[in-house]
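If you read the sequence from its start, that first residue is 1, and numbering goes on from there.
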Amino acid sequence: MSLINLTFPRWNREFLKAHSVLFQIMTLNGSKIACVGKGGAGKSTTLVLLAKALRHKGYNVAILDADSTNLGMHLALGIPSAPAPLISFLGGMVFQGGSVSCPVDDPSLIQDPVIDLLTLPSSFQAVSPDGIVLLQAGKLSDFGVGAGCDGPMVKVARDLQVRKGNEPYLLLVDFKAGLEDSSRGALVSMDQIVVVCDPSTAGLQTAITLQQVIRSQKTGAAPSTRHLEQVQMADLMIELFRQTKVKALHTVLSKVPDSETESYMLGELKKAGMNAICSVPNSPDLRSA
């Protein structure tokens, strides 16, 4: 069974297996799945392929591009141009006089974070040929030097929910490379997390560290709140971590050149109490697609 219009059968089989794991854990409608990993690991590619597979299964799928530095998600989906940034629709960044603040300084929730695609202006959404809706939190390059940091975009990723009228959407969130957003508490609202791991020491360590972060949140470890002067803000941050929604973290091996490398990666993950639900070969067909 081919889920996507690509020409590498092993990937199709592996991805079907990975999707089955995701599907068995929970009903996906209305949920949020984050895709994270080190730079260049292939997380955006993985996210696009996951979106296509889920759309093929009949889900209402939306992607939130929350990577404030990387460009090209719209092209990977076959969309000619990217939609306008949601940060502008939601009130703008606090660094430029807007209402959306950085979650590190102000963890309070965005007011009215539920986006209804029926009423969202068309300039803020784009639809791929196979019916995947693309939303964009914002790109730092669009806001110039006064943008400060991308914390407000992270808050959009943390709080946003998507529906179309009464129909809930499955929201896939593409975060920027590394672990910065997880330390900001951006992942507490995710139902599941997919960490993409390439064959490098940094790739493996990112996956292992992320699991430790999620475990610490779920066991009640408090985030760093000493810089917050207002007691209520510190308490809110602690409560958000304590109530993290994350039900599962899945590891996808990416750009795997051979079986020996795959075995080594699986062995290193096993030492940390982890395994992989999918192994993606280092395929030129995948890169060109």
Side-chain angles (χ1 to χ4, degrees), residues 28-35 44 47-48 50-52 54-56 58-103 106-176 181 184 186 189-191:
L28 296 177
N29 283 326
S31 64
K32 294 174 71 172
I33 299 175
C35 196
S44 297
L47 187 80
V48 168
L50 178 58
K52 288 177 176 290
L54 290 165
R55 181 61 187 152
H56 179 88
Y59 286 102
N60 296 321
V61 179
I63 288 177
L64 174 61
D65 180 3
D67 187 338
S68 62
T69 57
N70 195 29
L71 304 175
M73 174 66 76
H74 62 287
L75 297 175
L77 289 165
I79 298 172
S81 59
L86 285 176
I87 194 75
S88 299
F89 175 76
L90 294 168
M93 290 192 291
V94 68
F95 305 114
Q96 296 183 315
S99 58
V100 184
S101 57
C102 176
D106 175 14
S108 59
L109 303 179
I110 290 176
Q111 188 174 6
D112 300 324
V114 180
I115 295 292
D116 188 341
L117 299 176
L118 289 179
T119 57
L120 180 70
S122 59
S123 60
F124 292 98
Q125 55 182 304
V127 183
S128 73
D130 43 6
I132 298 168
V133 176
L134 176 63
L135 307 170
Q136 184 193 120
K139 304 292 180 183
L140 278 174
S141 58
D142 293 336
F143 294 95
V145 294
C149 77
D150 61 354
M153 281 84 125
V154 174
K155 182 176 279 193
V156 172
R158 186 195 69 183
D159 295 352
L160 193 74
Q161 300 175 52
V162 178
R163 60 183 173 86
K164 188 173 185 178
N166 294 324
E167 298 180 26
Y169 265 63
L170 165 59
L171 183 62
L172 305 180
V173 186
D174 185 39
F175 283 97
K176 75 168 181 282
D181 288 344
R184 288 170 165 176
S189 65
M190 304 296 145
D191 296 282

(message) As an exercise, state the distance from CG of Leu77 to CG of Asp65, rounded to the nearest 0.5 Å.
(response) 9.5 Å
(message) What's the separation between atom CE in Met93 and atom SG in Cys102, rounded to the nearest 0.5 Å?
(response) 11.0 Å
(message) Restricting to non-hydrogen atoms, name the atom on Pro103 and the atom on Arg158 that form the minimum distance, rounded to 0.1 Å.
(response) CB-NH1, 3.9 Å
(message) When you measure from the side chain of Glu167 to the backbone of Asn60, do you find a donor-acceptor pair of N or O atoms at a distance under 3.5 Å?
(response) no
(request) Using a 4.5 Å cut-off on heavy atoms from C-beta on, say whether the side chain of Val48 contacts that of Asp174. (result) no
(request) Indicate the atoms forming the closest heavy-atom contact of Pro113 with Ile110, along with that distance. (result) CD-O, 3.3 Å
(request) Run the salt-bridge test on Arg163 and Asp116 with the 4.0 Å N-O cut-off and return the result as yes or no. (result) yes
(message) Looking at every heavy atom in both Ala34 and Phe175, which two are closest together, and how far apart are they?
(response) CB-CE1, 3.6 Å
(request) State the OG-CE distance between Ser31 and Met190, to the nearest 0.5 angstrom. (result) 10.5 Å
(message) For the backbone of Leu160 and the side chain of Lys32, can you confirm whether one donor and one acceptor N or O come within less than 3.5 Å of each other?
(response) yes
(request) Kindly indicate, with the supporting measurements, whether the criterion side-chain contact (heavy atoms from CB on, under 4.5 Å) is fulfilled by Val100 and Met153. (result) CA-CA 8 Å; Val100 184; Met153 281 84 125; over 6 Å; no
(message) Just so I know, are the side chains of Leu64 and Val162 near enough to count as touching, which here means a heavy-atom distance under 4.5 Å?
(response) no
(message) Is it the case that the side chain of Lys139 and the backbone of Asn70 share a donor-acceptor pair, with hydrogens and angles ignored and the cut-off at 3.5 Å?
(response) yes
(message) Just verifying a value: how many Å separate Ile63 CD1 and Leu170 CG, rounded to the nearest 0.5 Å?
(response) 9.5 Å
(message) Closer than 3.5 angstrom, by distance alone: can the side chain of Gln125 be matched with the main-chain N or O of Leu117 as a donor-acceptor pair?
(response) yes
(message) With a 3.5 Å distance limit and no angle check, can you tell me whether Ser189 reaches the backbone of Asp159 through a side-chain donor-acceptor pair?
(response) no
(request) Search all heavy atoms of Val61 against all heavy atoms of Ala51 and return the closest pair with its distance. (result) CG1-CB, 4.0 Å
(request) May I ask you to test the Val94-Asp106 pair for a side-chain heavy-atom distance under 4.5 Å? (result) no
(request) Could you pull out the closest heavy-atom pair between Ala66 and Ala137, with the gap in Å? (result) CA-CB, 4.1 Å
(request) For the residue pair Tyr59 and Asn29, establish whether any side-chain heavy-atom pair is separated by less than 4.5 Å. (result) yes
(message) Is the shortest side-chain heavy-atom distance between Ile115 and Phe89 below 4.5 Å?
(response) yes
(request) For the residue pair Ser108 and Lys155, establish whether any side-chain heavy-atom pair is separated by less than 4.5 Å. (result) yes
(request) Using modelled atom types only, decide if a donor and an acceptor are shared between the side chain of Lys52 and the backbone of Leu47 within a distance under 3.5 Å. (result) no
(message) Let me confirm one number: the CD1-CG distance from Ile132 to Leu134, rounded to the nearest 0.5 Å.
(response) 9.5 Å
(request) Please report the shortest heavy-atom distance between Asp150 and Lys176, naming the atom on each side. (result) OD2-NZ, 2.8 Å
